[in-house]
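Structure first, then comments.
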Amino acid sequence: MLRRGQDRSPGTSNRPDRRRGMPCSAAAGGFKPNGPAAVHRYQGGYMRYSEMFLPTAREVPSDAELISHQLMIRAGMIRKLAGGIYSYLPFGLRAIRRVEQIVREEMNRAGAQEVFLPMVQPAELWQESGRWVHYGKELLRFRDRHDREFCLGPTHEEVITDLVRNELKTYRQLPRNLYQIQTKFRDEIRPRFGVMRCREFGMKDAYSFDADEEGAENSYRRMFEAYQRIFTRCGLDFRPVEADSGSIGGSFSHEFMVMADSGEDAIAFCGDCRYAANLEKAEVARPGESAGEGEPLPLREVHTPGAKTIDAVCAFLEVSPSAVVKTLIFTADGVPVAVLVRGDHEVNEAKVKNLLGCDLLELADEAVIRAVTGSPRGFAGAVGIKARVVADYSLRGAANWVMGANREDYHLVNVAPGRDFTVTEFADLRVIRESDPCPRCGQRIRIARGIEVGHVFKLGTKYSKAMQASYLDRNGREQTMIMGCYGIGIGRTVAAAIEQNHDADGIVWPLPLAPYQAIVTPVNVNEPALAEAAERIYRFLEGQGLDVILDDRDERAGVKFKDADLLGIPFRITVGPKRLAEGNVEIKIRRSGEVVTLPVDEAGTFILARVREGL
RNA sequence: CGGGGCGUAGCGCAGCCCGGUAGCGCGCCUGCUUUGGGAGCAGGAUGUCGCAGGUUCAAAUCCUGCCGCCCCGACCA
């Protein structure tokens, strides 16, 4: 029940009454947050620390693994509501808004137009694209009161394609690029790392529609360039890497990776040239060297009791893993296939999948292994196997390999491909390794870890075909639109920025992402002179359009300093008795730790100039 | 879904083996002293011990089931 007398809309409360310990001196300068003097997207709002909802914590909940996750909790940015579902508190939301704003500006600049699509989507659309069946359990499905099926959108290809096919009819209306910043829901099997990998998350997704291949490539390139600008503006150390584009082929998929040891993805890159790809995609240069060289010797079967692993076989026969052939049995859409790589290499399933052109590739179970090899797991080999055999390039031309004998507790030695068994096809099927030669320039490949913050992908006609998004070309003939999709994980970008920008004391925001650019810290609010000087500087900066906090809390200086460091605010203006007696204040730069002493009246302009040059 | 671990005050944890009065640090409240890097002293509040059964005179503790959370493996911004 609403009691009228107490009804109070936000913003009408009597703010000055609620200030404690801060004398209300005349404001220096005008108060025009969004005026022409603004150097930054002013977010406004409560900025007196004593009134803010900014719960910082000295201790971290034990379930936070990543540093960024810990710091986001400690700095009062997020709180967990349920597994993989987080609330953003004001400080965290400000960081999110910074990224969103940069993304918006660059998307708009690249010619994309913002839309806002429903998060709740009808099953029919997904049935049309075929993903109602194929998307799997990550798609959260439910029924409404009329028993109609819906899902929470994990992505919006269906919705956007539906929208576009209804509205765009002719080549004259193409190309178009539409984007939105929306909350997505993916019912992840295992959410983890806080906001880095959660179920509900904010994402910018853009979709381009073109009339022809050339146009689609152009759209792709524009997005690629926009992404470079976005992550550069965010102040991140990132790298675009080639990603596996599945059936579409070509290099029309790039992931934007923020370099971080804590990243979930490994990427291969060349120290010399620009080549960079994720591990799944990274091509392995055709090899020259191989183990097992020399004249083919007679094939021989040896007893290797219990040697079910490469290591065990090597130890038993006293050979190196590179002299052994690893035979893995997969089922490709239900059909068994033997995949051969060297014992010291790893099979790259994505490459196998692309080679075979199958939808589902799985390691075979014990029953299938027995059926095609006639032996239990651990002794598979290609000689006499009842399955198609594909092999990595590294096995070609070389002889005298060690290989499973398809017989329990036995291996073959001196195996020669071609003589002893037939390889259906040689291909690049292994995972690239550190120090492998770069497929482009031949220099050494290095491996590093990264966080995927963005992905650009040429979709082709996958959705437009399934959902009949077509247009009439200039000859009046019906054509299928060519699509691209382009995502950026907003929350993840913030987390990645923290992952890359922190120290023992807390976050060290890159200026463009900082929720506030400056914090004014009077060392003791009970001393009117300090409080007054602080207030003056605070008002000046706010009036100039900066987002700035006045730490007017009646706390000890140490507490305020620790909080300011934890929050990672780029500039701290310390107003203390000793310096103020000389008419000065101190400015501490969070990133460098550098301290500058300046007259009170110059502090504001100093900060302003530094913020200007840093944005 | 398989393997491992954890649920005790807002947060971090002890207590559980060997059943009997629920405890420590931080935070919070009051007072005094302090006031440039998470202050000191004194006093104080806070718990359906994850939930539901069971065993027992008695369960945080032993048993069973369930739920939640975290970590390791197959998916992805």
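Since this is a predicted model, take the numbers as computed values, not measurements. Note on naming: letters A, B, ... go to the chains in the order of the sequence lines (proteins, then strands), and numbering restarts at 1 for each one.
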**OP:** Counting Watson-Crick and G-U wobble pairs only, both distances under 3.5 Å, name the nucleotide matched with B:C6, or none.
**Re:** B:G68
Original post:
What do you reckon, are the aromatic ring centroids of A:F252 and A:Y220 less than 6.0 Å apart?
Top reply: yes
Original post:
Just checking A:C198: base, sugar-phosphate only, or nothing, at a heavy-atom cut-off of under 4.0 Å?
Top reply: base
**OP:** Check every atom of B:A77, B:C71, B:U34 against the side chain of A:E65 and return the nucleotide holding the closest atom.
**Re:** B:C71
Subject >> Whole-angstrom distance between B:G47 and B:A9, as gauged at atom C1' >> reply: 5 Å
Original post:
Just checking, is any N or O donor in the side chain of A:R97 or A:Y88 under 3.5 Å from an acceptor N or O on the other one?
Top reply: no
Original post:
Going by modelled atom types, is there a donor-acceptor pair between the base of B:G38 and the side chain of A:R74 at under 3.5 Å?
Top reply: yes
Subject >> Pairwise C1' distance, B:G20 and B:A60 [rounded to whole Å] >> reply: 13 Å
**OP:** From the options B:G38, B:G36, B:C75, select the nucleotide whose nearest atom is closest to the side chain of A:L566.
**Re:** B:G38
**OP:** Just call it for A:N278: base, sugar-phosphate, or nothing, with non-hydrogen atoms closer than 4.0 Å on any strand.
**Re:** nothing
Original post:
How long is the span from the CD1 atom in A:I230 to the OG1 atom in A:T493, to the nearest 0.5 Å?
Top reply: 9.0 Å
**OP:** To the nearest Å, give me how far apart CZ (A:R192) and P (B:C75) are.
**Re:** 11 Å
Original post:
A:E555 has an atom CD; how far is it from atom P of B:U34, in whole Å?
Top reply: 18 Å
Original post:
Just how far, in rounded Å, is P of B:A77 from CD of A:E138?
Top reply: 9 Å
Subject >> Sugar-phosphate only, base, or nothing, as touched by A:V559 at under 4.0 Å among non-hydrogen atoms >> reply: base
Original post:
Taking the six-membered ring where the residue is Trp, are the ring centres of A:F256 and A:F224 under 6.0 Å apart?
Top reply: yes
Original post:
When the C1' atoms of B:G15 and B:U8 are considered, how many whole Å apart are they?
Top reply: 9 Å
Original post:
Are A:R377 and A:E366 close enough for a salt bridge, meaning some N to O gap below 4.0 Å?
Top reply: yes
Subject >> Whole-angstrom distance between B:A52 and B:A42, as gauged at atom C1' >> reply: 44 Å
Original post:
Roughly how far apart, to the nearest Å, are B:C16 and B:A22 at atom C1'?
Top reply: 12 Å
Original post:
Donor-acceptor pair under 3.5 Å: do we get one between A:K588's side chain and the base of B:G36?
Top reply: no
Original post:
Given B:G37, B:C76, B:G36, which nucleotide is nearest the side-chain atoms of A:R186?
Top reply: B:C76
Original post:
Closest approach of A:G576 and A:L530, non-hydrogen atoms and distance?
Top reply: C-CD2, 3.5 Å
Subject >> Distance-only donor-acceptor test, A:N524 side-chain atoms vs B:G36 base atoms, 3.5 Å >> reply: no
**OP:** Remember a base hit wins even if backbone is also touched, and classify A:E264 as base, sugar-phosphate or nothing at under 4.0 Å, heavy atoms.
**Re:** nothing
**OP:** Name the pairing partner of B:C24, where a pair is Watson-Crick or G-U wobble with both distances under 3.5 Å, or state none.
**Re:** B:G12
Original post:
Who does B:C41 pair with, Watson-Crick or G-U, both distances under 3.5 Å?
Top reply: B:G31
Subject >> Integer angstrom distance from the P of B:G53 to that of B:G40 >> reply: 45 Å
Original post:
Could you give the CD1-to-P distance, from A:I573 to B:G36, as a whole number of Å?
Top reply: 19 Å
Original post:
Contact class for A:R572 (heavy atom, under 4.0 Å): base, sugar-phosphate, or nothing?
Top reply: base
Original post:
What nucleotide among B:G36, B:C26, B:G37 has an atom nearest to a side-chain atom of A:R58?
Top reply: B:C26
**OP:** Please determine, for the side chain of A:P61, which listed nucleotide (B:G37, B:A77, B:G12) has the closest atom?
**Re:** B:G12
Original post:
A:G576 near the nucleic acid: base, sugar-phosphate alone, or nothing, with a heavy-atom cut-off under 4.0 Å?
Top reply: base
Subject >> Watson-Crick or G-U wobble partner of B:C18, both distances under 3.5 Å >> reply: none
Original post:
Which residue, A:I488 or A:P191, contacts RNA chain B at a nucleotide closer to its 5' end, judged by nearest heavy atom?
Top reply: A:P191
Subject >> A:K80 side-chain proximity, nearest of B:A77, B:C70, B:U35 >> reply: B:C70
Original post:
To the side chain of A:S62, which of B:G36, B:A39, B:G12 is closest?
Top reply: B:G12
Subject >> Most 5' of A:E255 and A:P577 on RNA chain B, judged by nearest nucleotide >> reply: A:P577
**OP:** In plain terms, say whether A:R199 and A:D187 are close enough for a salt bridge, that is, a side-chain N and a carboxylate O under 4.0 Å apart.
**Re:** yes
Original post:
Do any side-chain nitrogens or oxygens of A:T574 fall under 4.0 Å of OP1 or OP2 in B:G36?
Top reply: no
Original post:
Has the side chain of A:E59 got a donor or acceptor that lies under 3.5 Å from a partner of the other kind on the base of B:G25?
Top reply: yes
Subject >> Candidate nucleotides B:C11, B:G36, B:C70, ranked by approach to the side chain of A:R579 - the nearest >> reply: B:G36
Original post:
For A:F561 and B:G38, is the gap between ring centres under 5.5 Å while the planes differ by less than 30°?
Top reply: no
**OP:** Report which part of the nucleic acid A:D505 touches: base, sugar-phosphate, or nothing (heavy-atom distance under 4.0 Å, all strands).
**Re:** nothing
**OP:** Using the C1' atoms only, state how far B:U48 lies from B:G44, rounded to an integer number of Å.
**Re:** 23 Å
Subject >> Rounded distance (Å) that lies between atom P of B:A77 and atom OH of A:Y135 >> reply: 7 Å
Original post:
Could you give the CG-to-P distance, from A:N348 to B:A74, as a whole number of Å?
Top reply: 13 Å
Original post:
Sub-3.5 Å donor-acceptor pair from the side chain of A:K204 to the main-chain atoms of A:Y179, do we have one?
Top reply: no
Original post:
How far does the P atom of B:G12 sit from the matching atom of B:G27, given to the nearest Å?
Top reply: 15 Å
**OP:** Measure from OH on A:Y86 to P on B:C70 and round the result to the nearest Å.
**Re:** 6 Å
Original post:
Any idea which of B:C71, B:G36, B:C76 is nearest the A:A557 side chain?
Top reply: B:G36
Original post:
What's the closest nucleotide to the A:H455 side chain, out of B:C69, B:C76, B:A77?
Top reply: B:A77
Original post:
Whole Å only: how far is the CD atom of A:E100 from the C1' atom of B:A77?
Top reply: 14 Å
Subject >> Donor/acceptor link under 3.5 angstrom from A:R190 side chain onto base of B:G4 >> reply: no
Original post:
Taking NZ, NE, NH1 and NH2 as the nitrogens, is one of them in A:R492 or A:E499 under 4.0 Å from a carboxylate oxygen of the other?
Top reply: no
**OP:** Would you indicate what A:E188 reaches in the nucleic acid, counting non-hydrogen atoms under 4.0 angstrom: base, sugar-phosphate, or nothing?
**Re:** base
**OP:** Evaluate the side-chain proximity of A:Y516 to A:M47: yes if any heavy-atom separation is below 4.5 Å, no if none is.
**Re:** yes
